[in-house]
Amino acid sequence: MAAYGAAASLKNTIQRLLQSSRISLVSHSPQMLQPAYDEMDRLQKVLLKLDDTDCSKIRTKVNAVDERIKEAVWEFEDLLESHVLHQILPQLESERDNLSFSVELQSLQHHVDCFVEMVKTMEEEYTYEMENMAEEEGEPISSRSDFGGIKSKMFGLSDEFQKARDDLLEDKHYSIIGMAGVGKTTLAKHIFEDPSIRSHFEFRAWVKVGRKCESNELLRCVLAQVDPNAYQTLTQGDDDDEVLDGLLKEKLKHKKCLIVLDDVWEGQATDHLITNLLLEKNIDGNIRVLLTSRKDIIVTQHGYGRVRLLNEKESKELLGEKVFGEEGFPPQLEELGEKIAKKCEGLPLMIVTVAELLSKADKTPEYWTEVLVKQRSSVFVVAYNQISEVLFPSYDYLPQYLKMCFLYMGAFRPYLDININSLNTMMSADVFLQPSGEESFDSFWKTCLYKLSLCYHLVLDTSQEDEYWFWHRKYRVHSCWQHVCRVEASRIKFLHVLQSCDDVIKDQRRLCTHWNSLLCFKQVCDSIKVIVHPPSVLSFFMVLITHIQSQYMPWVSSCSGYYMLMMSDFTISQLEFSN
């Protein structure tokens, strides 16, 4: 969903042109640009309405319109920047010391008018598709209430297990929170089946919630497990919330019941069930809720715990058991297994997926060494692609203003902490985020990172010191999520990470490489030269992991998007990139 970021970028380009101390817009050029700016402002407000829709809605058609809007905005921004650049370059060549430029935009009047009308038309289409999104199909009651049993033992979560179990036994509700694939469901299953929990609660019910689940579906799932006879006698007209609520209250009167709501997403149905039917009307105080969610959803009278990633020892044990059983790694593969497990960065879903792939392949030191050291190992690429289906909804249902911020994380190398000063400089130079009101840009993007970490669990805290992690200047994106960022950012042409000489980079807005050696190949340099040379893509930068220092050229920022960013562990500076 890049249209929101594209609108922010165009607004910034226009604003820089209007406010630049080095560019003088002649005649009525400033007034001519204002309608485009105003339309981008309206467009962003329309796009933000999607954030208020339920996550059970299918967004395929809305996303398609968003893609067309993005392309239209980028095309107009390219036209505007190219027009400005073609006037500045001759002035710069005739007088190299000149840092003041005269620019005329009147010849673009027709393009501005057509652009504004086109965006208005697409806004109407976007609004129509958003208001008529189809609902995702719900799962049958039998699937939602299928506990499925405990299929594996729990690794490394004994403290979290004890805290959750004790809170439930003390008659508190409990929320298990964490990123997708971190083991929330596994932890909940072990709690659900714990002997002390089974003896404390006379009734237990397991409900798989997901993105699409109406409140009466949840109540029917609970009733089917605590009173199968009453559930069987329900008629079609007896399954509204009040009837189901009454049947449950009658069955659970003076008896304790634990209800597990697994994989809870924000939505009216779930909120209604938790806050109203199960809590506010819970007269006897006999119902306790244990929920799992990839987002911070907290129940009143709650206990609360974030599920951490496994440490290196726990990761090694899990990988060894999944590949070789209880006996673990054979001696000749133990060291390699430990290193492969470390590359999974403690995410159980990744470890289990890699283990399944290793189990089907040669269990030899030679093959495992290749898996470990080979760039873009097929095992890890296949594993990343497989678990992306589980991870992707966490990104897809992010608020609009957070999506581009998160995709930007794909520009950084995996397995390394990201320096916050470097990211601050990059985001300040390449504006696709826009604060509201009087909030400063620095404060706004730090708030974005805070939410990505503590609300949505997509950014990892590396400080481990307190919850305000970003003040410690370092954080990290899990390699699984960086893969999602790279694939999605490249698909929508927002950012592409060069990984080989054969990469197709046409129409990409931003390029990045983690391997400087790629720039030694003529094929790569020729491809880059083609796409950055006017009148091709102008809103363009390249992030290079390098130690090259360079001189800051102040006029480049005034001309908006025609620059290159050079990044190292220590400095970021802007380079002139006009010739």
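Ionic pairing of Lys57 and Glu135 is present here: one or more N-O contacts between side-chain nitrogen and carboxylate oxygen are shorter than 4.0 angstrom. Remark: Asp194 does not engage Arg198 in a salt bridge, criterion side-chain N to carboxylate O under 4.0 Å. Note on Glu314 versus Arg308: salt bridge recorded, some NZ/NE/NH1/NH2 to OD/OE distance being below 4.0 Å. In summary, Lys322 and Glu356 do not engage in a salt bridge, as defined by a charged side-chain N under 4.0 Å from a carboxylate O. Salt-bridge formation is not detected for the pair Glu217/Arg220: no Lys NZ or Arg NE/NH1/NH2 atom is positioned less than 4.0 Å from an Asp or Glu carboxylate oxygen.
Cation-pi geometry between Lys255 and Phe203 is not met: the NZ or CZ atom fails to fall both under 6.0 Å from the ring centre and inside 45° of the normal.
A distance of 12.0 Å separates CZ of Arg413 from CZ of Arg476, quoted to the nearest 0.5 Å.
Using modelled atom types, one finds a donor on one side chain and an acceptor on the other under 3.5 Å when comparing Asp296 with His457. Judged by distance alone, the side chains of Tyr384 and Ser479 do bring a donor and an acceptor atom under 3.5 Å apart. Side-chain atoms of Ser56 and Arg211 include no donor-acceptor pair closer than 3.5 Å. Looking at Ser440 and Asp442, their side chains never bring a donor and an acceptor atom within 3.5 Å of each other.
Note: Phe147 and Trp206 have perpendicular aromatic rings, judged against thresholds of 30 and 60 degrees for the angle between ring planes. The aromatic rings of Tyr401 and Phe444 are tilted relative to each other, their planes meeting at an angle between 30° and 60°.
Of the possible polar contacts, none joining the Arg509 side chain to the Lys493 backbone as a donor-acceptor pair under 3.5 Å is found.
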